[in-house]
Amino acid sequence: MGGDAAVQYHHNNNQVFDISLDVGPVHPSKCFDDDGRLKRKGNFWTASAHIVTAVIGSGVLSLAWAIAQLGWVAGPIMMLLFSFVTYYTSSLLADCYRSGDPVTGKRNYTYMDAVRSNLGGAKVKLCGFIQYLNLFGISIGYTIGASISMMAIKRSNCFHKSGGQNPCHLSSNPYMIIFGVTEIILSQIPDFDQLWWLSIVAAVMSFTYSSIGLGLGIAQVAENGKFMGSLTGISIGAVTETQKIWRSFQALGDIAFAYAYSIILIEIQDSIRSPPSEAKTMKKATVFSVAVTTVFYMLCGCMGYAAFGDNAPGNLLTGFGFYNPYWLLDIANAAIVVHLVGAYQVYCQPLFAFIEKWAAQQWPDNEFFTKEIKVQIPGFRSYTLNLFRLVWRTSFVVLTTLISMLLPFFNDIVGILGALGFWPLTVFFPVEMYINQKKIPKWSTKWICLQILSLTSLIISIAAAAGSIAGVVLDLKVYKPFKTSY
């Protein structure tokens, strides 16, 4: 999701272990809410902050490229369209936080809980599969993104030293391995949900690099003395007609990825205090956050396109549209790396814990899965080691690193992830749950409009996925495995 490392400590606490204990109505007191849990303290501002942090992530870096494929007319229009659909379906999803009465009904703590309460059956498994597959894909996207930024720091310093004489080609493999080793160490922290500060660090980092990208774009436009680009985007001739079509589709996937945060919306809502009802506060926060994000995206994407026109790089800060000031680029890329190191963990923890819980249930008597070994680390508190956790999480990180080394194409992977998550998680499930909850009759005007929205989004998702896969296929024609250099 464009997303990135916000508030998923709520996400981790609940989603993973899929806590769906229905304790029945409890009389709310000063310390506890109506479900017997400690009083929630979140409000409009905290929810807005969480959404903005979750949405403004590495997806912002590919927006100048996406607008370059679509042009000055279709690019901004598609961005506004995605922001409207995201806002509208998020409002529908906010109504699904409680089942039954919108003020006193049973709470759904996670996205899967909401699907279970409102739709049930096979759709719960489908939702879980798409969610976890998305998280797996995001971890690959982050490994590629972080390695590209690490290489960009090395390359910008190399360019600076050689006065632009040396092309400074580097292999991405050592950087992916460095990132992978870091993640293996971090993934062994069992109670990652305590590291709430990660969300704050991630928020600061994402604003740092997004703002630097925006600032450099404005400076470049001023230097050019004009806005680059054209009304219809990259011209046929610079690319073939087929490439133009595929790239335009892929651009839609990139924009979808930049807006995706539905996967954590219910978890954010579960942190909001009431009264007023959580849905009311969440809807206000959604309007505000999506508006802020859209303005920011428009500025970053449009300024990047205005600065470079058809040559807008796939990743604004590493595509070497900018060479100077090299130290500023280094700061921006370092911020991306720090952001992605944390974001990787925050997004993978639900998947880690889901598998660990399942394994412990399958083999409750096997010590390999269940035994906790206390390890005393001098100067620190004791560490709880679990052999299965050690083996499984290490294997997972090694697998994602290997796949990243095999497919190191940032833009194409971002497009595939955007396409994979957009229709099912942002549109299909919220629409179906809303129809079910509000008992909207079949073939009524509202039902038909909602189905048209869902169908249109499905077509966009399929087109975006096709465009991104075509991009990977084209890249693979000239690519040798594990030999990529930039």
Side-chain angles (χ1 to χ4, degrees), residues 1-4 6 48-49 51-87 145 149 202-231 233-234 251-261 285-322 325 328-329 331-333 335-336 339 410-411 414 418:
M1 311 179 222
D4 290 5
S48 302
I51 297 169
V52 170
T53 316
V55 178
I56 295 180
S58 52
V60 72
L61 298 172
S62 61
L63 291 177
W65 181 88
I67 290 188
Q69 310 315 308
L70 300 166
W72 280 120
V73 179
I77 287 174
M78 289 314 294
M79 238 183 228
L80 287 172
L81 208 61
F82 272 99
S83 69
F84 174 74
V85 170
T86 304
Y87 155 67
S149 284
V204 172
M205 292 299 156
S206 57
F207 270 108
T208 302
Y209 64 70
S210 303
S211 305
I212 291 173
L214 173 60
L216 289 171
I218 293 170
Q220 185 73 38
V221 170
E223 196 181 303
N224 295 343
K226 60 171 185 176
F227 274 53
M228 308 279 277
S230 62
L231 293 179
I234 195 162
L252 298 178
D254 286 5
I255 297 171
F257 178 75
Y259 272 107
Y261 77 99
T286 301
V287 174
F288 176 73
S289 321
V290 171
V292 168
T293 310
T294 304
V295 169
F296 199 70
Y297 278 2
M298 282 289 202
L299 285 170
C300 283
C302 295
M303 273 303 161
Y305 183 41
F308 298 114
D310 291 353
N311 298 322
N315 181 327
L316 195 58
L317 292 170
T318 60
F320 285 90
F322 303 116
L328 191 60
L329 280 176
I331 292 171
N333 281 302
I336 294 173
H339 182 189
F410 178 74
N411 262 57
V414 161

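Small disclaimer: the values here were computed from a predicted structure and weren't measured.
- Minimum heavy-atom separation, Pro76 to Cys302: CG-SG, 4.3 Å.
- Ring-plane geometry between Trp72 and Phe227 is classed as tilted, the angle between the planes lying from 30 to 60 degrees on a 0 to 90 degree scale.
- For the residue pair Ala66 and Ile255, the shortest heavy atom distance occurs at CB-CG1, 4.1 Å.
- Distance check, rounded to the nearest 0.5 Å: OG1 of Thr293 to CE of Met79 gives 11.5 Å.
- In this structure the side chain of Thr294 reaches within 4.5 angstrom of the side chain of Tyr259, judged on heavy atoms.
- The distance from the CD1 atom of Ile67 to the CD1 atom of Ile234 is 14.0 Å, given to the nearest 0.5 Å.
- Here the shortest heavy-atom pairing between Phe296 and Ser210 reads CE2-CB, 3.1 Å.
- Pro313 and Phe308 get closest at one heavy-atom pair: CD-CD1, 3.9 Å.
- When every heavy atom of Asp310 is checked against every heavy atom of Gly233, the shortest pair comes out as OD1-C, 3.8 Å.
- Rounding to the nearest 0.5 Å places OH of Tyr297 at 14.0 Å from CG of Leu80.
- Here the rule is side chain to side chain contact (heavy atoms under 4.5 Å, CB included) with Leu214, and of Ile212, Ile218, Leu216 only Ile218 fits it.
- Taking the side chain as every heavy atom from C-beta outward, His339 and Thr208 never approach each other to under 4.5 Å.
- When all heavy atoms are compared, the tightest approach of Asn333 to Ser149 is OD1-OG, 3.2 Å.
- For the atom pair OG1 of Thr86 and CG of Leu81, the computed distance is 9.5 Å after rounding to the nearest 0.5 Å.
- With contacts defined as side-chain heavy-atom distances shorter than 4.5 Å, the pair Leu63/Tyr305 does not qualify.
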